[in-house]
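Letters A, B, ... are given to chains in the order of the sequence lines, protein chains preceding strands, and every chain is numbered from 1.
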Amino acid sequence: MRHLDPTILVVVLGAAALSFAQPHMPGWVVYLLQIAIAASLPALGCMILLRSGLLSFGQGLYYFIGAYGVALVHAHLGISDAFLGILAGAAASILVAGLVGFFIARYRGIFFAMLTLAISMVVYGMAVKMDLFGRSDGLNVPRLSYLGFTPSRAWAQTSLFVFCVWVWAVFGIATHLYLRSRFGKLLTAIEDNETRVEYLGWSVRHAVHINTIVAAVLGSAGGALAAASARYADPSLAYWTTSGEFVFIVLIAGQANVLAPLFGSVFLETLRTYAAAFFPDEWQLVLGAVMLAIILFLPKGLGHLFALAGRALRPRRATAAPIEEDRT
Amino acid sequence: MNLALIILVDGISYAGWLFLVGIGLTLVFGVLRLVNIAHGGFYAIGAYVAAYAIGAAASYGLGAGPQLLLAFAGAVVVGGLIGFLVERTVLVRLYDHPEVLVLFATYALFLILEDVTKLVWGGASLYAFQPRNAFGTVAIGSLSYPVYDVATVVIAVLVALGTWFVLNRTRTGRCVTAVVHDREMSAAMGVNVSAIMTGTFVVGSMLGALAGAVTAPKIAVSPGIGVEVIVLAFAVVVIGGLGSIGGAVVGALVVGLARAFATHLFPDLAVFAVYAVMAVVLAIRPYGLFARPVARKI
Amino acid sequence: MTTATHRRPLAGLCAACVAAAPLLAAPAMAADSVKIGFVYFLSGAGAAYGSHARDAAALMVDALNAGEVPAPYDTVGINGVEIEPIYIDEAGGVRKQIAEYRRLVEREGVDMVLGYTSSSNCNAIAPIVEELETLTNFFHCGNPGLFEEVEPDPHYTFRSAPMGTMDQVALARYIADVYPDTKTVSGVNQDYSWGQDNWAEFTAAMDALDTGATFKNALFPSLGAGDYGSEISALASDPADITFVSFWGGDADALMLQSAARGLGDSTRFAFTLGTGVIDGLGNNVIEGTIVGARGPNSYLAKETALSSWFADAYQETYDRYPPLGAYVAAQGILAIKAAAEKAADGTGALPETDAIIAALEGLTYETVNGYPISMALHHGHQGISDTVYGTYTGWDDEANAPVIEDVKTYDAKCVNPPEGVKALDWIESGFEGASC
Amino acid sequence: MTRSRPAAPVLECRGVAKSFGGFAAANAIDLAVSEGEVVGVIGSNGAGKTTLLNIVSGHLKPTKGKVFFRGEDVTGVPSRTLARKGIARSFQVPQLFPTLSALENMMLALSLVAAPRKSILSRFDDADLATAARDALDHYGIADCADSLVSELPQGVRKLLDIAMATSAEPDLVLLDEPTSGVSSEEKSDVMQRLADRFAATGTTVVFIEHDMDIVRRYASRVVALTDGSVIADGPPEEVFAHATVADVIVGEPLPEGDA
């Protein structure tokens, strides 16, 4: 109450700045940012699961659900509303994660990773078979409308970009509040000592279950944005490499703050696009080499660079801003 | 020939291959606690080296047997060398870090190895099928199977027995088992943990390359062959229990039989079968069929 | 990369740097060249196929720029304007492909894009093509759904490659013509949309032709499965007269190899819709008696003309091998654009406006490197059709060092492609209403 | 929340037994603890003391028998539910959150077990919560260590913090597993005195396991002696210590190593 939370301030100002900057950005950059924003949400889901020490290799499942939320609401109800699409995906992912959570909430470590991977691969295996999901060819997504407002073709990209940015802002701020709440601290405490958490009157399993659902909703929101941006949804969204990418985004950027996955995601998309442009035959090699370099030389992620820079600046600012509640 | 027998034979034949593909992965996990995604890269390198060696040997007029020996030896040597380099230059710096970092390091290595094989051998397919065809076929029931495929199962059994023998009947093997059990304690007891870890990774890489070499004569060796293998190998060792040799045998049999069963009776579900079995096994036995659960501390 | 020589690892890397160099500079619009983005699979399983396509594209670009291609393509470049190629890898998933496409158009400022093999990439890119208003020719994906459902009203989107439907229908007709005693048919197809659709079209075509054939095994191994032991056992223990296969790339080679080793050729006759690709890799190890197609009348099924002979010779000379079918379709994609642009230019010496090229391309019939002209006859002139050819591989001619393909049958384009305005599968199920054979 | 019914004892175990495989860790234990009692549980290693505590605190389900808390059957009820009903527990090895500071540990305890459930989404980083946590630490005299990371704290402070967290919701029944183990002998009586003062002030019922017989003698109002999973003596300290077997087997035994 005393101070405005710096993270919230940065998110709101950043979203506003990006919204106004959009008309001055080339289309391919806009698309790249949209895809990065979309991918950062399931990565944020990975991050909040990692707060409890849980590594999910199945966030792609919710990316898939979110994307198909938009695609199927259009294909079967004829509605192309962005908000409704997001809500449909979120509702479906709450349902799925609610069920899946009963199975996975008792798993830890590599077994949590394996089971989430297996479940999402089962869904992938089904989706490539089912006409409902367009099989491996996927489904196309139309230009979206926003609560009855249908932007003209010239404004479609701007509208979608602004929508993506502010959806991220809402989910980013919500997640920030979630993580700085007592429940957020409880999640961190689970990795530290499950026994003590249980003796403090809270069920670790329920907490993990709830957190799984929250992460699922984040994943599905990202999926909806990805489908709206690419105007396409296909089963590869649930493939294990997609899920792996989300974890990697968190590794790149660290877990200090909800903004970290966004930076990680933008970095990864930029890296991929330049690697593909400069080395059409060897872009995977370049991508792999940079990944490896980050892991070897910045094991705490690129976010650690910010932390190091911040530490270097701190002595000069005697009256520092309120302490960040999220610890690295 | 009745269907059950056909499914059994197909399942076992496929299981032999799956075991060869999975054994290196499970060995490395057991000792290094590391899910090695680069395993698929070693598989591909093994296949390429073998295809190249078979071509080279054939051009010198060597027969099918020497061609294969040269191919397997070449793949194992190259795989081992690259494994050694990778462990010494990359992995060794990461053992203090969280497991997931090492996992992604191996993923990065996989991407690099993929493109390196493409740079060395180009995008077009290589072929090395002559030695497989040279051995002819054998009839099992009413169907004929290549002798080479039967031999693959034999190689898988030999590798399984060999691994078992080394781990259980030799001094080195006992050191490895000790490291698996408790790394710190083994170090305290004078086991050279670092050497054991390097050695295991090298052996794991060799086994991955060997699996590729054994497969090379059955396929068109082309880009991307390592990707599918990762997921399959993964499923096999997870079902059996990560780090358990016996588990890899059982996992290979379960997946092999499931696939053969699905192909013959529910061909639409063949792809899906592997992941479904994996999910069901994990949901019932989180640690896989064979690995012991780690005791939870209080 | 502009010199079409053998690609060596390091040479490739350097060439990549050189090709990328203009990217570092501000994207300049050079009026004295036509910038074309070429998108082929350069990594992953598709590379076994895409690498040939890129080789052919590089060869064609060099030859066109040098004015070495025979008539009717003997002008330099495209209507006298040199082609400046940019190569892009099609691997990496649809969201990456859209990013790459946007970068090609919005950053590199390409005049047109040629490429895309995967039907999911074509489906995903098509709406973006119309949005970015850049002429794009899908050189090879073959799913009828592209114009039937995804982009029913195309303007900038073209597909010079005939649909896959043609392969299935022609094969069914070929079986009815050449192997009329066929009583039973099985199928092995990769487990994704392409394989599933091909099997559906083929079985529908067999039914529509009243062949009386019944269907046995319909197997769907995963892409890149590598081992087909169970599938071969299933096929061998209950053999059908004909076994339909729509595999491509390394999977097709592996299935053929493993089937040959187990003598499956004795109990069933294979029909590979992309069979010439298997011959490319395996030569005389292909099972004799296998029915082969080439995604159109390409490769060994091409007709000898001055243009087709030039292409086969030039490819052989540059890459030391007979051109695989991927090479043919890549070359075709470029010729479609060249023919349209030169028609639109009508004698003037510059690159016409995009809309003029589009107008010329709609409904255009142009000569191709396989000797069979392609007509942009369907979907308001945006979808190509051509005659097609099937044959039966009967052995290897050591003297000519070439496969012997007998019982070669040619089917008229209008006999194996649906008429305008009718969906492919509906057309087959209607008993080929309106087909002229 | 739970209305006290004076008729029923705070804790009652009826025939509680637990076996692991073939080994009987607890054998038909009967025990009733009344409001305000401070019960010391003694016994040699493996006598079943911690098993008893694990059963009462809901960590283990008894093989046989029943546990009642204020007359309510709580057999097999999980520890988290018991914690909310008013049974708190500390551990032989302190169960803390090692990556957090002592203050944050306490804040977390307060926000989890002591605060109403609906406040879980309110801000953790809150001045009032921090003040309350500081006060709670102060009750046990460890407020000075508030800002140190748990991993940097001496063992005695850790034990106190463990107990402070367990008791943050002012429970009706406190179970302490060897509150002074690992604490240096100089600190021991200091730690026990703080605890005794604190529990006397709140009138809390306490059951504690202890190896140091001097401490038991000084602070327990009643002593229960276990051998081989059974109660062999139960009564005022002097009476129990006079019991022949207790004197021979338990008191005569030197303190286990590492406990000093």
Side-chain angles (χ1 to χ4, degrees), chain A residues 25-36 38-39 63 67 75 125 128-131 133-143 153-154 156-157 226-227 229-237 239 241-242 245 269-270 272-287, chain C residues 1 7 9 12-13 15-17 19-21 23-24 40 42-44 47 51 54 86-89 91-108 118-120 122-128 131-132 143 145-146 149-151 191-197 220 222-223:
Chain A
M25 291 191 271
W28 67 279
V29 174
V30 172
Y31 173 79
L32 217 60
L33 282 178
Q34 281 175 203
I35 287 294
Y63 207 47
V128 296
K129 286 270 167 201
M130 290 169 69
D131 282 324
F133 301 108
R135 294 176 290 150
S136 66
D137 270 356
L139 295 179
N140 287 80
V141 172
R143 273 198 205 92
R153 201 172 141 165
Q157 199 182 24
S229 302
R231 299 183 51 198
Y232 188 72
D234 74 322
S236 76
L237 293 155
Y239 200 64
T241 48
T242 312
E245 222 161 73
E269 288 301 331
T270 312
R272 193 185 354 234
T273 215
Y274 277 94
F278 290 145
F279 306 99
D281 282 275
E282 296 87 12
W283 62 275
Q284 294 201 74
L285 191 154
V286 174
L287 196 63
Chain C
M1 211 165 294
R7 284 201 320 107
L13 198 69
C17 301
L23 222 152
L24 291 162
Y40 305 121
L42 304 179
S43 53
S51 56
R54 196 255 303 271
I86 298 177
Y87 295 99
I88 294 286
D89 186 359
V94 286
R95 277 157 296 283
K96 169 178 174 284
Q97 281 323 306
I98 295 170
E100 297 294 286
Y101 183 85
R102 282 188 171 274
R103 187 173 59 75
L104 275 177
V105 173
E106 294 176 323
R107 183 184 164 114
E108 310 290 341
S118 145
S119 54
S120 56
C122 287
N123 283 1
I125 299 282
I128 315 294
E131 191 178 312
L132 298 189
N143 57 323
L146 175 65
E149 282 146 29
V150 174
E151 197 54 71
D191 197 15
Y192 74 127
S193 294
W194 172 254
Q196 295 154 1
D197 288 345
F220 292 98
S222 67
L223 274 170

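Applying the salt bridge (charged side-chain N to carboxylate O under 4.0 Å, His left out) test to A/Arg272 and every residue at least two apart in sequence or in another chain returns A/Glu245, A/Glu269. Residues satisfying the side chain to side chain contact (heavy atoms under 4.5 Å, CB included) criterion with A/Ala67, sequence neighbours excluded, are A/Ala227, A/Ala233, A/Leu237.
Neither the backbone nor the side chain of C/Gln97 comes within less than 4.5 Å of any heavy atom of chain A. Neither the backbone nor the side chain of C/Tyr101 has a heavy atom closer than 4.5 Å to any heavy atom of chain A.
The backbone N or O of A/Asp137 sits less than 3.5 Å from a side-chain atom of C/Ser193, completing a donor-acceptor pair. The backbone N or O of A/Val128 sits less than 3.5 Å from a side-chain atom of C/Gln196, completing a donor-acceptor pair.
In the model, C/Arg95 has a side-chain atom that pairs as donor or acceptor with a side-chain atom of A/Ser236 under 3.5 Å.
Considering only heavy-atom pairs separated by less than 4.5 Å from chain A, the leading option among C/Ser120, C/Pro127, C/Ser119, C/Ala126 is C/Ser120. Chain C forms the most heavy-atom pairs under 4.5 Å with one residue out of A/Asn140, A/Val141, A/Leu139, and that residue is A/Asn140.
Rounded to the nearest 0.5 angstrom, A/Thr273 OG1 and C/Arg102 CZ are separated by 12.0 Å. Annotation: the span from C/Ile128 atom CD1 to A/Tyr232 atom OH amounts to 11.5 Å, rounded to 0.5 Å. Atom CG of A/Leu32 is separated from atom CD1 of C/Ile98 by 12.0 Å, given to the nearest 0.5 angstrom. From C/Arg107, atom CZ reaches atom CH2 of A/Trp28 across 4.5 Å, with rounding to the nearest 0.5 Å.
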Practice task
Decide side chain to side chain contact (heavy atoms under 4.5 Å, CB included) for C/Glu106 and A/Tyr31; before the verdict, give the C-alpha distance in whole Å, the side-chain angles of both, and the deciding distance to 0.1 Å.
Solution key: CA-CA 11 Å; C/Glu106 294 176 323; A/Tyr31 173 79; over 6 Å; no
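Taking a cutoff of 4.0 Å between a charged side-chain nitrogen and a carboxylate oxygen, C/Asp191 and A/Arg135 do not qualify as a salt bridge.
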